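Quick caveat, the model's predicted, so the values are computed rather than measured. Numbers here are sequence positions counted from 1.
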Amino acid sequence: MSNVLRLTGVTLPGTGYPTLKSFLDVTPRLPVTAGLLGLYYLRDSGGREIQNYVSGGAPLIKVGSPTLLENGAVCDPNNYYSMNMQARPQGTILAIARPKSAPASLVTSIPVVSGYNAPANGSGNGDVLWCGTNYSGVGQVIGAAASCPGDGVTPQSSPAAYLAVSLPPTSPMAIFGTFTGVPDRHTVGLLPSPGAALLKGAYASGAPTFSRPATAFGPPLRIGASPYGFTGQSTVMLVAYFNRVLSEAEIQLNLEYLRGEWGVQQGLWS
């Protein structure tokens, strides 16, 4: 005889819960939270994909109609989520995302989170973490770039950091990008599997040094789209944004949890 759990006398809500998983506690609880401004889990959940899991944090603003899946939102330049905050002087982005398709060039690359904007004078501002091709168009990569304010005076943007990867469209990736001050240094990488060491690529700029602003700058950060230069589609499941640079150990702790515990519970990985 099988043991059966019966919810005697309990009436479950009848609307707004597309799947059985909608009844589960899906809250991501990161081991390291100092400096955390935004934590979002995008999925088909009756409008609750805009929730910010940081206590007191502002929810996302949905722009257009991203395609919602059981795990993830398919975004493009016209259908994305605004975090309603600017890039910070220092920052770290942790994300779980996967390519919608393998991009053929930079302009079809897949922004995961971006606040990058290019004004008329050609001097960009903001940060971008993306999956796609590098600027020379050779190889599939995870990339991070930081750019100076578009004031026409500050030294131009520093080159991007790359990590060469294989990007099968069906495989989610636990990825990260960090963005620092002077001299500008940004790092990008991923955790391929629980218990594995972080794979990362880094670039430290030489002259001219890039002086990041002392206050928030650039256009509002977008999930799944960029204000400029990226036209591809991405499927983004989770984004965490910190207003400081996490240490490698802190990144490892958070990605281990997202990759090996929370992500498995949510069915992102078996």
Side-chain angles (χ1 to χ4, degrees), residues 18-19 21-22 24-31 38-45 48-49 51 53 60 66-76 79-81 83 92-103 108-114 128-133 139-144 162-178 187-201 222-226 230 232-241 246 251-270:
T19 67
K21 194 182 74 175
S22 300
L24 302 178
D25 179 8
V26 299
T27 305
R29 295 180 175 86
L30 298 177
L39 179 58
Y40 318 98
Y41 176 29
L42 304 179
R43 70 210 186 283
D44 188 359
S45 56
R48 291 183 300 280
E49 80 278 5
Q51 179 176 352
Y53 287 92
L60 296 172
T67 301
L68 292 171
L69 309 175
E70 182 177 3
N71 276 313
V74 181
C75 302
D76 60 42
N79 302 281
Y80 59 90
Y81 294 90
M83 290 169 58
T92 299
I93 299 169
L94 305 180
I96 299 176
R98 70 169 173 260
K100 176 67 175 174
S101 60
T108 59
S109 292
I110 301 158
V112 176
V113 173
S114 176
V128 57
L129 173 66
W130 81 92
C131 306
T133 59
Q140 302 301 309
V141 299
I142 295 171
Y162 300 110
L163 176 66
V165 294
S166 173
L167 298 181
T170 58
S171 176
M173 295 178 293
I175 63 178
F176 72 89
T178 61
T187 305
V188 64
L190 80 156
L191 184 75
S193 60
L198 294 175
L199 297 176
K200 61 185 186 300
R222 301 181 181 185
I223 295 177
S226 172
F230 295 83
Q233 286 188 318
S234 59
T235 301
V236 184
M237 295 90 169
L238 179 136
V239 170
Y241 184 74
L246 273 64
I251 293 172
Q252 181 92 29
L253 276 173
N254 278 343
L255 290 187
E256 282 279 3
Y257 162 75
L258 292 174
R259 178 67 175 83
E261 185 174 338
W262 179 85
V264 171
Q265 293 172 351
Q266 301 308 317
L268 275 67
W269 292 278
S270 58

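- Legend: residues meeting side chain to side chain contact (heavy atoms under 4.5 Å, CB included) with Leu199, ordered by chain and number and at least two apart, are Leu163, Leu190, Pro192.
- Applying the salt bridge (Lys or Arg N to Asp or Glu O under 4.0 Å) criterion to Glu49, with sequence neighbours excluded, gives Lys62.
- Not counting sequence neighbours, the partners of Ala95 by the side chain to side chain contact (heavy atoms under 4.5 Å, CB included) test are Val112, Ile175, Val239.
- When side chains are defined from C-beta on, Met83 counts as touching Leu60, because their heavy atoms get closer than 4.5 Å.
- Side chains of Leu129 and Ile142 form a contact here, defined as non-hydrogen atoms less than 4.5 Å apart.
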Could you go step by step and tell me if Leu253 and Leu30 meet the side-chain contact (heavy atoms from CB on, under 4.5 Å) rule? CA-CA 8 Å; Leu253 276 173; Leu30 298 177; over 6 Å; no
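- Gln51 is linked by a side chain to side chain contact (heavy atoms under 4.5 Å, CB included) to Tyr53, counting only residues two or more places apart in sequence or in another chain.
- Ile251 has its side chain out of reach of Lys200: every pair of non-hydrogen atoms, C-beta onward, lies at least 4.5 Å apart.
- Ala73 and Tyr81 make their closest contact through CB-CE1, 3.8 Å (heavy atoms, listed as atom of the first residue, atom of the second, distance).
- Leu198 places a side-chain heavy atom less than 4.5 Å from the side chain of Phe176.
- Taking the side chain as every heavy atom from C-beta outward, Trp262 and Leu238 approach each other to under 4.5 Å.
- Looking only at distances, a side-chain donor or acceptor of Glu256 sits under 3.5 Å from a matching main-chain atom of Gly195.
- Residues passing the side-chain hydrogen bond (donor to acceptor under 3.5 Å, both in side chains) test with Tyr40: none are found, sequence neighbours excluded.
- Trp269 places a side-chain heavy atom less than 4.5 Å from the side chain of Pro172.
- The minimum heavy-atom distance between Ala225 and Asp76, with the atom names listed, is CB-O, 3.4 Å.
- A donor-acceptor contact shorter than 3.5 Å is absent between the side chain of Ser226 and the backbone of Pro111.
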